[in-house]
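Reminder, nothing fancy here: chain letters follow the sequence lines and each chain counts from 1.
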Protein chains: 2
Amino acid sequence: MFDQFPGLGEEAKIAFEKELDSLLVDKGGLLEQEGKVCDHLYFIIEGSARSFYRKENKDITVSFSLEGEFLTAMHSFISRKPSYENIEAMEKTKVARIKYESLLKLFEKHHDLERTYRLILERYYVSLEEQLIFSKFKSARDRYLDLMDYRPKIIQRASVGQIATYLDMSIETLSRIRGKI
Amino acid sequence: MFDQFPGLGEEAKIAFEKELDSLLVDKGGLLEQEGKVCDHLYFIIEGSARSFYRKENKDITVSFSLEGEFLTAMHSFISRKPSYENIEAMEKTKVARIKYESLLKLFEKHHDLERTYRLILERYYVSLEEQLIFSKFKSARDRYLDLMDYRPKIIQRASVGQIATYLDMSIETLSRIRGKI
DNA sequence: CTGATTATTTGACTTTTCTCAAAAGATTAT
DNA sequence: ATAATCTTTTGAGAAAAGTCAAATAATCAG
C-alpha cells in the first residue's frame with residue numbers, strides 16, 4: 001500500500017494499519033453516498049470503483065479507481081460537508097479504509113504520515129488537473145483515444161454509459177466513435 | 001496571509017516570513033513560464049494574475065487569482081517537472097513568494113506549516129474539482145452566469161478573450177452571451 | 001492627439017454533438 | 001430456457017457552439 005511512499009516509517013505504517021478496517025462490497029454496492037459527509041479514505045485491494053453523481057436522473061461518472069489506488073469523495077472528505085458524490089463498486093471489490101478522525105489523530109503523532117497524505121492529495125490534484133485540461137481541449141474522439149492510451153483497463157471494465165458521462169459526451173456519440181476505430 | 005489558517009503558530013509564521021521574498025510585476029509580466037520547473041509558491045498581496053497555456057498560438061486561461069490568494073503552477077510545483085503553464089500579472093501586481101526548497105526545509109521543523117500547506121493544497125483541490133464539475137455540466141451561458149455569481153471581480157478585470165478560454169467557449173460565443181443579459 | 005494595433009461585436013454559415021426513436025444485443029431473474 | 005430488463009448501436013433531425021469575415025470600439029505608442 002505504501003510502496004509508492006518511501007518516506008513513511010515502520011512505526012507510522014503499523015499505527016496506520018491498526019486503524020484500518022477492511023470491507024468487501026458486491027458489484028453495485030455503495031461505499032459512499034451523496035448527502036452524507038464522507039468519513040473514509042479508501043484503498044482498493046482488489047476490484048474497482050467509480051464515483052459519480054446524479055444529474056436529472058442520470059449518473060455522471062467523475063472518476064474511476066482500480067486496485068492499488070487510494071480513493072475517497074475528496075471534496076467532502078476535505079471540506080467535511082455533505083458529499084454530492086456516490087462511490088460504487090464496479091465489481092466485487094475489497095477495500096481497506098480509515099476514518100477521517102483516525103487519520104487526523106495519527107497526524108498528530110506521525111508527521112511522516114501527514115506527509116504521505118499530502119502526497120496522496122498531490123497525486124489526486126495532478127490527476128484532476130490532467131483530467132480538466134484533457135477534457136477542455138480535445139474533441140470527443142480524442143478524449144476517448146486518450147483514455148484508451150492512458151487507462152485501457154477502464155475501457156475493459158466500465159460500461160459505455162459510464163465511460164460516456166466520464167468523457168462528457170452522450171452514449172450515442174461514444175458508441176459511434178467506438179464503431180469507427 | 002495566514003488569517004485563514006488558525007492552526008499556524010507564531011514561531012512557524014516568523015520562520016516562514018523570513019523565507020519570503022517580495023516582488024513587483026508589471027502588467028503582462030510573467031511569474032512563471034512554461035518549460036521551466038515552477039519553484040515558487042506565491043501569495044498575491046495586491047493585484048491579480050492568471051495562469052494559462054498555449055495551444056496552437058492561442059492562450060488558454062486555466063485560472064485567475066486575486067489578492068489574498070495563494071498561487072503557483074501547482075502541477076509543476078508538486079511534480080517537479082517542467083510546467084506547461086505560464087503565470088502572468090493581469091495588472092501591476094505585488095506578490096510574496098517562497099521557494100519550494102525553503103518550504104520543504106521549513107516542513108522539517110514546523111509541522112504546523114506542513115499542515116497549513118496541506119490545507120492550501122486542499123483548497124486548490126476543491127476549487128479545481130468545482131471547476132471541473134461546473135465546466136462539465138453547464139451550458140456556455142450558465143458557466144458565464146456562474147462566474148458572474150461566484151467571482152464577479154474576474155469579469156471586471158479580465159478580457160473577454162481570457163474569460164472565454166477559461167470558460168471553454170469561443171470569444172464570439174461569450175460576446176453574444178454578454179450581449180443578451 | 002492621432003494613427004496603428006488590438007479587442008470586441010455582429011452576421012452568415014458550418015460542424016460537432018445532442019436528442020429522440022427504434023432496432024439489435026446482452027444480462028438477469030425466475 | 002425464456003421473458004423481462006437493461007445496454008448498445010444506428011438513423012434522422014435539431015441545437016449548441018464553432019469558424020471565418022467584416023465592422024466597431026478601445027487601447028497604446030509616438
Student: Measure the acute angle between the ring planes of B/Tyr124 and A/Tyr125, then classify it against the limits of 30° and 60° as parallel, tilted or perpendicular.
Tutor: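 The rings of B/Tyr124 and A/Tyr125 stand perpendicular, inter-plane angle above 60°.
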Student: Between B/Glu34 and B/Asn86, do the side chains contain a donor N or O and an acceptor N or O under 3.5 Å apart?
Tutor: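 Note: B/Asn86 and B/Glu34 side chains meet the donor-acceptor criterion.
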Student: Taking the six-membered ring of A/Tyr144 as reference, does the NZ or CZ atom of A/Arg141 fall below 6.0 Å from its centre and within a 45° cone about the axis?
Tutor: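 Because its charged atom misses either the 6.0 Å distance or the 45° angle limit, A/Arg141 does not stack over A/Tyr144.
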Student: Check whether the side chains of B/Glu85 and B/Ser51 place a donor and an acceptor atom closer than 3.5 Å, and report yes or no.
Tutor: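 B/Glu85 vs B/Ser51: donor-acceptor pair found between side chains.
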Student: How long is the line joining CZ of B/Arg178 and C1' of D/dA25, in whole Å?
Tutor: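 Distance check: B/Arg178 CZ to D/dA25 C1' gives 13 Å.
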Student: Going 5' to 3' along nucleotides 11-30 of chain C, which nucleotides have protein heavy atoms under 4.0 Å from the base (write B), which only from the sugar-phosphate (write S), and which from neither (write -)?
Tutor: BB----SSBB----------
Student: So, B/His111 and A/Glu108: side-chain donor and acceptor under 3.5 Å apart, yes or no?
Tutor: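 A/Glu108 and B/His111 do not have a side-chain donor-acceptor pair below 3.5 Å.
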Student: For the residue pair A/Val95 and A/Tyr42, what are the closest heavy atoms and their distance?
Tutor: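 Shortest heavy-atom separation between A/Val95 and A/Tyr42 comes out as CG2-CD2, 3.9 Å.
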Student: Can you sort out the partners of A/Glu91 under salt bridge (charged side-chain N to carboxylate O under 4.0 Å, His left out), two or more places apart, ordered by chain and number?
Tutor: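 Here the qualifying residues are A/Arg157.
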Student: Any base atoms under 4.0 Å from B/Ser159, or only sugar-phosphate, or nothing? Heavy atoms, all strands.
Tutor: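 Sugar-phosphate, no base atom in range.
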Student: Of all heavy-atom pairs between B/Gly9 and B/Asp112, which one has the smallest distance, and what is that distance?
Tutor: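 Between these two residues, the closest heavy atoms are N-OD2, 2.9 Å.
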Student: How far does the helix from C/dC1-D/dG30 to C/dT30-D/dA1 bend, going by the axes of its first and last five pairs, to the nearest 10°?
Tutor: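 About 60° separates the two local helix axes.
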